[in-house]
Asker: 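Structure below; questions to follow.
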Amino acid sequence: MNPLAGCLLVSSLLFSVGLAGALTRRSAILVLAGIELMLNAANLNFIAFWRFGPHPEFLTGFVFVIFSIAVAAAEAAVGLALIVAIYRHAQTSDVSEITEMKG
Amino acid sequence: MSDLLNAEEVKAQIEAGVPGSHVTVIPNGSPSGQHSLLLDNEHAFAVASFLRDHPALRLDYCSLVTGVDWLDTETTEKIRVKKVVDGVETEAEETRKTKVPGYLEAVYHLFSIEKKHGPVILRMRTANRTGQTQLPSLTPVWRSCEFQEREAFDLYGIVFVGHPDLRRILMWDGFADFPMRKDYHPPADGVPVAEVHA
Amino acid sequence: MSVAVAPAFAADQIFVALKYWLVLHTPGPFQTLVSILLTIIPIIVVFPALFAVTTVLERKGLGRIQNRYGPNRVGPWGVFQPLADAVKSLTKEDIVPRSADHVVHYLAPLVLVATAFLAFAVLPIGRNMTAVNLDAGVLFFFAIGAATELAVFMAGWSSRNKYSLLGAMRAIAQMISYEIPLILSSVAVIMISGTLSTTRIVDEQAHYTGTVAHWNVFTPWGLAGFILFMIAATAETNRSPFDLPEGESEIIAGYFIEYSGFKFALFFLAEYLEMFAVSGLGITLFLGGWSSPFSFLAWIPSWIWFFGKLLALIVGFIWVRGTLPRLRMDQLMNFAWKFMLPMTLVVIVSAGVWRFLPAGVAGSAALGGVIRWLVCALVVAGPYIALARVLERGRKIEKRTYRYAE
Amino acid sequence: MTSVAEMKAIAGPSEIMEVSMGPHHPSTHGVFRMDVRLEGERVVRLKPVFGYLHRNHEKIAEHGAYLAAIPYTDRLDYLCSMTNNWGYVLAVEKLAGLQVPERAEYIRVIVAELTRFQNHAGLIGFLLQDMGASGTPLMYAFREREKILDLFESLSGARMMCNYMRFGGVRVDCSAEWLDEVRRLVATLPRFLGEFEALLRSNEILMARTQGVGVLPRELAINAGVTGPMLRASGVNYDIRKVDKYGIYDRFDFRVPLGEHGDVYDRYMMRLLEMAETVKILEQALRNIPAGPVMDPKAKLRGLRPKVGEAYGRIESPKGELGFFLISDGSTIPYRYRVRPPSMINLTVLEDMCLGQNIADVVITLGSVDIVLGEVDR
Amino acid sequence: MSGISEHPWMTVVALLIGAVAFGFAPLAMAWLWARFFSPKKPGAIKNATYECGLESKGDAWIQFGASYYLYAIVFLVFDVEAVFLLPFAVAFTGLSAGASIAMLVFLLLLVEGLVWACQKGVLTWA
Amino acid sequence: MRMTLPFLILAILTLAGGVAAMTLRRLVHCALALSVAFAGLAALYLNLDAEFAGLAQLLVYVGAIAILIVFAILLTRGGDSDAEKSFSPAGIGGAVIALAVFAVLAWATETSGIAHPALVTPPPESAMREIGLALMQRYVLPLEVIALMLTAAMIGAVILAVRERRNPAGTESAERPGLGA
Amino acid sequence: MLGEGIIQGLMETARNFFGSYVEKERLVTVQFPEERRSLPEATRQFPFLLYDGDDPERGLRCVSCQICEKECPPRCIHIEKSKDRKPDFVGKQQFYPAVFNIDVSVCMSCQICVEVCPFDAIRMDTEFELSTSDRFGGLLWTKRELARSNEYYRQIHPTEAGECDERRAKELADAQAKAAAAAAAAAAKAAQAAAAPAAASNGAPGSGAKSEPAKKVVTQ
Amino acid sequence: MADDLKELKIELSKNGIFTTTLEELYNWGRKNSVWPLTFGLACCAIEMIATTMARYDLARFGAEVFRPSPRQADLIIVSGTVTKKMAPQVVRLYNQMPEPKYVIAMGACAISGGPFRDGYNVLKGIDRYIPVDVHIPGCPPRPEALIHAFMTLQKKIEEQALAGENRPRHLRADLPSEFEVPEFGEHGLEPPANPELFPALPGNPLKVLQ
Ligand code: SF4
Ligand code: SF4
Ligand code: SF4
């Protein structure tokens with residue numbers, strides 16, 4: 001297999017793992033972690049395409065990854081803060097319990 | 001010692017200031033001349049507050065609180081001791097009072113930081129040594145009594161009613177005895193022969 | 001000139017030459033392997049050895065500060081003290097608390113030591129003596145440092161002890177707070193050097209105007225940056241007066257409270273290694289790395305310069321430790337965020353100004369230099385004074401005078 | 001609406017951590033324990049727990065002769081055996097009506113003030129140790145302390161447990177050489193104070209850590225029976241040396257420093273300033289010490305039988321008011337023997353000083369109280 | 001020691017392995033020592049959590065105050081900022097004043113957030 | 001294809017970390033495994049010659065986000081969450097969906113031409129300076145936007161997390177005089 | 001200025017650091033096992049029993065009056081009186097301790113036993129290097145282990161020993177004078193009345209026993 | 001030849017250079033790196049502190065590394081009165097130390113209860129609950145005496161065999177490394193002594209104070 005395909009495969013595997021985690025875990029924090037994993041999988045794609053793409057010198061994919069990291073950081077900060085805030089209200093960080101409370 | 005307050009004067013002031021209170025002056029025969037005032041337990045708290053807040057006395061500082069154990073008096077020797085605290089100076093005619101039960105006593109030494117005088121010595125006595133060992137707590141008047149009253153509770157078993165946190169202080173919680181009482185004997189932990197000399 | 005330089009150069013490059021010689025004499029297929037081994041083994045040998053020396057030095061130095069001898073019985077002048085400690089630690093029983101998380105408990109010291117070692121990879125310890133000449137060396141250093149926080153957390157959490165967890169949280173809070181000033185103060189250097197490669201940063205500083213070298217610390221922003229960097233480094237490595245995570249008086253021994261035997265020794269080792277590493281980076285960034293301050297001293301081999309500077313910084317660390325009481329957590333954090341961070345930003349601005357100001361005004365290069373120096377110094381000092389004012393406001397920390405009652 | 005959940009979040013135990021500091025803890029100055037509740041690092045409750053060094057001093061003293069209690073008083077506040085001795089013999093002298101010869105009074109003042117000096121020096125050292133000053137100030141303090149202990153040793157035979165005073169005087173007279181030694185030492189003490197001053201007085205970290213920390217308001221201090229430098233740090237002018245003028249303290253010219261804020265820094269400074277005053281007292285005492293006997297001829301060592309009665313004698317020990325309360329039943333053994341331990345009563349306000357503070361402040365606040373467990377628990 | 005053709009990351013990996021081995025070797029030695037000479041003797045009290053010589057009460061894994069988290073947030077933001085700052089710094093010598101001012105604006109935006117947080121008292125340790 | 005072996009190792013490491021992060025019981029373990037995954041990814045970036053991206057990943061993800069997650073776990077007392085309740089009842093469904101997504105992605109990768117490019121480009125040179133220039137010239141606007149976003153995120157997160165810190169549990173809100181600037 | 005105090009402190013420690021190489025004041029360590037500080041004369045550690053002459057058994061000054069046993073605050077002295085008596089240095093018949101144990105693991109070095117002993121029989125030693133792994137054997141000292149000669153006493157507490165010797169010499173002289181007077185009186189009496197051989201034989205061994213240590217005291 | 005070697009060995013060991021056998025190395029390391037636990041109980045603790053201070057400088061022996069956590073300590077100096085209330089804590093601390101661990105009973109109180117032996121709350125010697133290596137009498141022992149005790153301990157360590165029948169306790173799997181922690185009873189500690197360490201000696205119980 002060539003490197004790009006390998007990257008893509010790994011990336012999609014990682015994406016699926018993240019997705020599976022996000023869908024199955026009860027802890028809101030892990031759901032967030034799953035989402036982070038998915039984001040990372042996407043980042044890997046960008047890097048791979050930048051590296052093996054036709055115009056690595058334009059750095060588009062690369063810079064996108066940097067921005068993506070920044071966005072992910074912001075997302076993590078807010079998301080986790082949200083979880084903490086919810087926990088303070090509900091004394092739980094269990095997603096299903098949280099939904100139950102809302103519903 | 002700073003100006004010794006005249007016990008009689010203080011007594012008069014108390015009895016004027018706290019109506020219904022009953023104060024006895026207990027003279028002290030030793031050269032120190034520190035006479036003390038025996039308070040009745042019902043008014044003790046009011047008296048204490050009065051002493052603290054009285055503008056001329058201002059006994060704002062309670063230095064020392066302690067328990068004293070006076071055993072039930074049966075032997076002649078013990079009677080002598082008993083007599084002193086009662087303040088009866090003559091010795092001979094007291095011998096018939098052999099049946100007086102013992103009691104626990106709490107002694108408070110008061111000073112004034114503001115007026116720089118003192119001490120005024122207060123005493124309170126429990127009814128007996130076994131069942132009725134309650135005394136009013138003066139901790140609400142002087143915080144400094146807090147630990148010392150706890151200690152008297154711990155070591156003598158004087159129950160201070162109104163104390164905010166009356167627990168054992170020096171011994172552990174499950175301890176059953178009151179070790180400073182005169183009739184307490186420590187457990188004889190096995191000591192090897194080599195150590196026994198006395 | 002060349003006559004004088006040649007032997008000096010030989011001494012300077014002796015290790016490099018040795019390595020080449022050894023590598024060239026190994027059979028082809030193994031050359032890479034041998035070369036790599038020859039690169040990493042010195043790191044793994046020299047710095048732990050330095051650790052041993054430093055512990056003796058520290059104990060004896062503190063002793064002297066405190067009017068006593070310090071260890072002097074084990075071997076001549078007590079130099080075998082660390083050896084005895086090592087033997088003892090090796091043979092000591094290893095206790096893992098029952099309720100601890102065993103795997104994480106085991107891994108924590110390893111991770112800590114490993115990351116501490118990795119940081120040395122990018123330090124130029126002499127001319128042509130950088131283990132790994134990375135393009136993004138400085139960034140590598142910081143990225144690796146990030147893992148230490150996790151290791152500390154692992155240690156503190158896995159012990160399942162209140163004090164250790166508290167210590168770990170403190171340590172992490174402290175490390176993250178001081179990591180920002182650490183990075184930002186190095187940004188100033190990077191701005192001027194235009195590279196993240198540690199080797200090139202040193203190269204930039206290793207030439208001379210007249211006899212004086214171009215060390216960054218000789219510029220106003222460099223000086224301020226260096227001071228800030230060293231303060232942040234002290235905090236980052238949990239050295240006194242920032243040794244709160246292991247503040248004995250409050251939380252007993254911090255995050256490694258439950259570690260015994262050699263695992264504990266590893267924590268100690270890692271702590272010192274981090275100290276060396278971050279001092280090494282400070283030297284690289286501000287003190288001209290392996291270069292000599294004056295051109296006439298250039299004959300001293302570069303690696304001696306590096307280790308000399310390292311030793312000087314270590315002595316400084318010990319000295320400070322022997323003198324100062326430690327800060328309190330909130331003061332520490334306040335200091336990081338309300339003083340260090342703004343000041344490092346100011347330093348960055350100052351470095352920017354430095355670049356945009358001409359080095360020489362028409363007619364006189366020296367005058368231009370002086371003006372530039374002064375302006376940059378002003379850019380640093382002004383905000384410093386303002387900041388100090390703002391911070392001082394509201395808290396009355398002062399010497400007091402007392403009245404007496406007769 | 002959300003109040004229930006909010007209250008849960010506020011009152012729930014999850015935020016609060018219970019930590020027990022001590023009895024084995026590097027900074028509790030012995031076997032003292034504080035049950036601390038923390039929110040984050042902030043103290044929301046603090047209960048001192050005593051008794052880990054309860055050695056039954058009072059009980060033992062109530063079983064031995066009056067004389068036998070003296071060596072035990074050494075071990076009360078084991079840093080200051082001389083002042084402990086003094087407090088006790090003062091009470092006995094009151095109880096038995098003994099006079100103390102002039103020279104003995106002077107010697108008492110000299111040793112007591114030396115004791116005060118070394119106690120304060122040690123306290124400052126320990127306090128800074130608690131602040132994490134890796135030993136240096138403590139080392140310097142102990143360097144001076146050793147010199148004072150040398151003097152005690154050559155006077156009384158022991159470094160710490162001097163067992164030196166007797167009812168009606170002191171056990172042995174001091175020699176002229178000894179007095180010269182003291183003079184020499186006293187001459188060097190200001191230098192030590194200067195060194196300490198340079199080392200730490202204006203240290204920013206020290207000031208930042210101690211100022212405004214562990215504040216003890218004046219009224220509370222008085223009501224809680226706090227004494228000694230701690231009381232004076234809260235601005236109350238009460239020094240038993242001045243109030244009672246026990247011994248011959250009315251003959252010396254010295255001042256009582258007073259604090260204003262009642263915080264740790266003030267308490268720290270009180271000690272430093274008192275040390276300077278102590279040097280002054282020492283100089284005067286050494287200048288004026290007369291010749292003469294050192295024991296009341298009426299006093300006898302064994303078989304002291306005070307009249308039936310009671311007495312309370314108190315002195316200004318380095319830690320505060322050290323009092324001894326004795327009841328005599330006319331026998332050779334005290335019927336009731338009670339120590340008023342200054343450091344224990346000073347601890348009454350520990351919780352008040354620590355609430356809402358950082359846990360690190362608890363340590364230095366405790367350090368600034370200056371406790372010695374031998375005295376707290378007796 | 002550049003010059004010999006080796007991938008820099010290989011050296012890093014080798015160093016990593018070496019470092020782990022360095023840490024691991026003594027642990028292994030200690031283990032061997034314990035195996036042959038000095039047996040491990042665990043016990044109920046010995047392996048209990050240390051807490052000042054008392055029996056430990058309550059779990060150590062408790063919930064922490066929010067202040068740690070707040071610092072972490074601010075740290076995260078500034079860490080990301082550093083990620084942008086570093087390439088800027090590297091390129092700085094080749095940049096115009098305008099770009100520098102852009103970076104200044106970037107910094108000031110974040111600093112503004114920090115100042116806000118300060119004023120909110122977020123960065124006051126509790 | 002000289003990168004295959006390291007790539008494989010790193011890929012396995014990353015995936016193992018990811019899987020562990022998503023399956024382990026104890027939340028802190030999950031967080032640690034997650035940081036392994038992040039570190040693995042960083043190494044993958046490095047392997048793909050994206051030096052800066054890899055190190056930035058390490059710095060931000062392992063150094064900061066992992067710490068943040070760990071703090072969040074400790075803050076929500078998840079450090080010792082009990083075992084049975086760690087998966088939601090919809091677990092099987094979620095796993096199936098994830099599997100399906102993976103199938104689609106893998107199929108797309110296989111079938112599209114991208115996976116079989118003819119040429120493999122040589123690694124681009126000296127990225128750092130280029131990145132800096134690109135960032136400061138071509139991407140200035142996104143940069144400023146990112147700054148805004150970060151600030152907003154910081155403020156938002158702080159507001160969220162700080163909500164109930166105003167009234168600390170059951171203590172006198174004794175303000176320490178003279179401390180804290 | 002911010003940082004001034006810190007720098008001052010650093011200077012102070014630096015002064016001490018460098019001072020430690022030149023100034024005695026700043027390097028106060030006494031390297032104990034090799035270097036020792038001379039202990040002051042008054043130093044006390046644990047009691048010992050004094051004996052006169054060469055025989056630690058016979059020469060013990062202790063008369064087993066048990067005052068020290070009673071007064072010792074922690075009660076760490078254990079004495080058993082002898083059944084028989086032997087003469088002391090002035091020739092009076094005295095009991096001697098059949099058992100005299102001091103448990104130094106209890107002794108608080110308070111010196112009260114020394115103070116109360118009316119017979120100058122017990123004194124404080126200065127020896128302190130007593131650590132041992134033997135808890136019972138090593139720290140329970142019997143009469144044998146406690147006995148020290150007067151020379152030793154003079155060595156460790158010269159002033160005190162001098163005073164003590166003087167006092168004892170005076171006592172002895174008094175006793176001798178008294179004995180002489182008594183003897184003179186007796187002689188006079190004997191001269192007056194009939195000689196009583198029993199009395200003379202009674203006195204002879206006493207005076208013989210006392211003369212030997214007495215000589216020692218006087219000569220030294 | 002053999003003599004030469006031996007001499008060299010002695011010469012080397014005089015300089016602190018470890019010599020050939022494992023046992024010697026082991027003992028040399030242990031004896032020169034004894035880290036005490038930061039643990040003080042009473043007055044004796046002050047003298048212990050004084051021992052580490054400039055005048056006496058215990059650091060010369062490499063023993064100034066006072067570790068606050070028992071996990072990292074080798075030596076517990078029981079310096080002062082062990083009260084009954086404190087005894088369980090002391091035993092627990094000792095138990096939590098890793099082997100090899102040593103105990104110095106410093107001062108009369110630690111050995112036997114000392115002057116306070118007659119008190120109701122005073123433990124009559126810590127050796128009732130933990131094995132003591134070195135006793136140092138005195139009240140308090142002078143700092144020099146503590147150094148002497150420390151050297152006695154070093155000597156003791158030096159003489160310990162690594163293998164064989166009489167190897168020390170910590171090398172033998174069959175001997176315990178932790179001891180029963182006494183419990184608070186209604187009148188005193190239960191049990192009053194650990195019978196394994198302190199077999200009930202025949203004879204009189206302590207004569208009770210009257
Ligand atoms: S010195 Fe004190 S404790 Fe020791 S035997 Fe003499 S009287 Fe007893
Ligand atoms: S030593 Fe002195 S006091 Fe003690 S029994 Fe002997 S003679 Fe009497
Ligand atoms: S032996 Fe003496 S000095 Fe030591 S603790 Fe006991 S009473 Fe205090």
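Within every chain, numbering begins at 1; the chains are lettered A, B, ... in the order of the sequence lines, protein sequences first and strands thereafter.
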Asker: Between CD of C:Glu258 and CD of H:Gln72, what distance do you get to the nearest 0.5 Å?
Answerer: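 Atom-to-atom, C:Glu258:CD and H:Gln72:CD are 9.0 Å apart.
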Asker: On a heavy-atom basis, which atom in H:Arg67 and which in C:Phe268 lie closest, and how many Å separate them?
Answerer: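 Distance-wise, the nearest heavy atoms are NH1-CE1, 4.2 Å.
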Asker: Is a side-chain N or O of C:Gln81 found less than 3.5 angstrom from the main chain of H:Asn32, in a donor-acceptor match?
Answerer: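 At least one qualifying donor-acceptor pair exists.
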Asker: Rounded to the nearest 0.5 Å, what separates atom CZ in H:Arg30 from atom NZ in C:Lys92?
Answerer: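 Reported value, rounded in 0.5 Å steps: 9.0 Å.
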Asker: Please classify the contact between C:Tyr69 and chain H as side chain, backbone, both or neither, with a heavy-atom cut-off of under 4.5 Å.
Answerer: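 Both the backbone and the side chain of C:Tyr69 come within 4.5 Å of chain H.
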Asker: To the nearest 0.5 Å, what is the distance between CG on H:Asp74 and OG on C:Ser89?
Answerer: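 Rounded to the nearest 0.5 Å, the CG-OG separation comes out at 8.0 Å.
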Asker: Find out whether the Lys NZ or Arg CZ of C:Lys88 is both under 6.0 angstrom from the six-membered ring centre of H:Trp35 and within 45° of the ring's axis.
Answerer: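 Verdict for H:Trp35: a cation-pi partner in C:Lys88.
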Asker: Does C:Glu93 use its side chain to pair, donor to acceptor, with the backbone of H:Pro100 at less than 3.5 Å?
Answerer: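 Not at all, since once roles are kept as given, no pair shorter than 3.5 Å links the two residues.
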Asker: Mind checking the OG1-CZ spacing from H:Thr52 to C:Arg68? Nearest 0.5 Å is all I need.
Answerer: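 The distance works out to 7.5 Å.
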Asker: Please rank C:Asn67, C:Thr91, C:Asp85 by heavy-atom pairs under 4.5 Å with chain H and give me the top one.
Answerer: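 Among the listed options, the one with the most contacts to chain H is C:Asp85.
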Asker: Between chain H and each of C:Val87, C:Val79, C:Val56, count heavy-atom pairs under 4.5 Å; write down the option with the most.
Answerer: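 Going by pairs under 4.5 Å, I would pick C:Val87.
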Asker: Between H:Ala73, H:Pro98, H:Ala63, H:Ala54, which has the largest tally of heavy atom pairs under 4.5 Å with chain C?
Answerer: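 When all of H:Ala73, H:Pro98, H:Ala63, H:Ala54 are compared, H:Pro98 has the most.
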Asker: Can you check whether C:Gly70's main-chain N or O pairs, donor with acceptor, with H:Asp57's side chain at less than 3.5 Å?
Answerer: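 Checking the backbone N and O of C:Gly70 against the side chain of H:Asp57, a donor-acceptor pair under 3.5 Å is found.
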